[in-house]
Amino acid sequence: MTTFEPGFLWGAATSSYQIEGAVAEDGRGPSIWDIFCATPGKVDNGDTGDVAADHYHRYPEDVAIMRELGLGAYRFSVAWPRIQPLGTGKADQRGLDFYSKLVDTLLDNGIQPWPTLYHWDLPQPLEDAGGWPERDTALRFAEYAQIVHEALADRVTHWTTLNEPWCSAFLGYATGRHAPGRQDPAASIRAAHHLLLGHGLAARAMPDARVGITLNLTHVTAGSATEADLDAARRIDGMQNRLFLDPVLLAEYPDDVLRDLEPITGLDHVQDGDLKTIAAPIDFLGVNYYSPMLVGHGASPSPSAYVGSEHVRHLDGGRPRTSIGWEIDAGGLSDLLLRLDRDYPAIPLYITENGAAFDDETHDAGRVAYLDGHVRACAEAVAKGVALKGYFAWSLLDNFEWSFGYAQRFGLVHVDYDTQRRTPKDSARWYADVIARGGL
Ligand code: BGC
């Protein structure tokens, strides 16, 4: 039997735009995702988050499900356009009240609330003013963070600033696969910096909070030991992992990545003192892991290779894939955790997302196998001394899977979008059992 320490935190995660719906209620303003979804051809099947899983109205039922599962914590995100519809100025009390009621309901049920302040739903007016490529957006984000923190700090201890700034910067501003759908590599690099700056400023704006950031990290391997393939792996590791980890945890940008980026943009947008701000002390690092990456030298149009794609090609590792097409490799997760422990020691880690898309309805053997393998990989890393303190499954509910719309289902709980009926899948029962036993 594989067990974790009694204090190990077991949770599940969601995000605002993916589950809430109610996009025009209680003063919520439009976000970049509302506009993106309304643009023909951007999201599969023309799907939108207008209704999603209707969590805005059904949160008491959803918290009851969490309680049945025995969750110790619930990671959700706060929709910035509910708090500041224009992205600036006075808060709309109705938006704050929604999250306040959610937090109270969680606490009444013995579940720790773990809010993330930004899971991609930027108020559209801030995008109209230039979005994340503009420095001002980082300043606005810190103000917003302060507002939410003041409203909930009496009940919330753990705060995550950003979810996956890699996606916001590069899928949002370089490949255009995500909102706001721009294709401007130089802007995407500025966006990455301003997201990180926003993180640091927000961390400072939340005194006494336990603060973290969630990054989508991956284990990168070269297809062969040739110099060219090793260099492709270095590039991807640089863009995907170190471009975010190094400034936050070591107060510096990696030199080799800056060299790779030089042909696209210089560093005029980085001001003195920014790196110190970005490296504001944090209390934990959130790790989202889904799939490993095997890369080689060559050109590929793949999103992850958006900048410098003339140098990197994604290779097929020959492993089974989930329905979204991502290769399954739990070993990549233990390798990643060991690497983080080696290169960035002393920062407590949480898996803030891990999960799988499968087409099956409620008998989801594929998802159970995926989660089982990855929880074992966590146990293996813990046994080797990694300071992993918790695990959040993605996702509590089936939800709006960004540019894939509703076609890809990641939930432990099935959602029938016609009736909004929730049905726990086999994976939910499996997870409840893991939580009850404290392991496998
Ligand atoms: C994101 C989630 C998303 C999941 C599966 C992560 O990149 O944080 O919002 O649903 O992966 O794609």
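One-based numbering, in listed order, for ligands and for the atoms of each.
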Parallel under 30°, tilted from 30 to 60°, perpendicular over 60°: which one fits the rings of Phe170 and Phe244?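 The rings of Phe170 and Phe244 stand perpendicular, inter-plane angle above 60°.
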**OP:** With the side chain counted from C-beta on, respond yes when Glu164 and Trp120 share a heavy-atom pair under 4.5 Å apart, and no when they do not.
**Re:**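 Of all side-chain heavy-atom pairs linking Trp120 with Glu164, at least one is under 4.5 Å.
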| field | side-chain contact (heavy atoms from CB on, under 4.5 Å) involving Leu294 - partner list, sequence neighbours excluded | value |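 Per chain and number, Leu294 pairs via side-chain contact (heavy atoms from CB on, under 4.5 Å) with Thr221, Leu315.
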Exercise for review: Among all protein heavy atoms, pick out the one at the shortest distance from atom 12 (O) of ligand 1; state its residue, atom name and that distance to 0.1 Å.
Suggested key: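 The closest one turns out to be Glu401 OE2, 2.6 Å.
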Check: Nearest protein heavy atom to atom 1 (C) of ligand 1, by residue and atom, and its distance?
Finding: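 Here the closest protein heavy atom is Glu353 OE1, 3.2 Å.
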Q.
If you measure every N or O of Gln18 against every N or O of ligand 1, does any of those distances drop under 3.5 Å?
A. yes
Give yes if a backbone or side-chain nitrogen or oxygen of Asn163 is under 3.5 Å from a nitrogen or oxygen of ligand 1, and no if not. yes
dist Tyr74:OH -> Met66:CE (nearest 0.5 Å) comes out at 4.5 Å
*Can Arg82 be said to sit on top of Tyr17's aromatic six-ring, NZ or CZ under 6.0 Å from centre and within 45° of the ring axis?*
no
Would you verify whether the NZ or CZ of Arg28 falls within 45 degrees of the ring axis of Phe98 while also being under 6.0 Å from that six-membered ring's centre? no
For Val368 and Ser427 the tightest heavy-atom approach is CG2-CA, 3.6 Å
For ligand 1, which atoms have a heavy atom of [X] less than 4.0 angstrom away?
X      : result
Phe410 : 5 (C), 12 (O)
His119 : 1 (C), 2 (C), 8 (O), 9 (O)
Glu164 : 1 (C), 6 (C), 7 (O), 8 (O)

* Specify side chain, backbone, both or neither for Gln408, according to which of its non-hydrogen atoms lie closer than 4.0 Å to ligand 1. =>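 Contact part for Gln408 vs ligand 1: neither.
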Checklist entry - Considering only heavy atoms, does Trp326 approach ligand 1 within less than 4.0 Å through its side chain, its backbone, both, or neither? => result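 Only the side chain of Trp326 comes within reach of ligand 1.
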*Closest to atom 11 (O) of ligand 1 (judged by heavy-atom distance), picking from Tyr290, Trp394, Trp402*: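 It is Tyr290 whose heavy atom sits nearest to atom 11 (O) of ligand 1.
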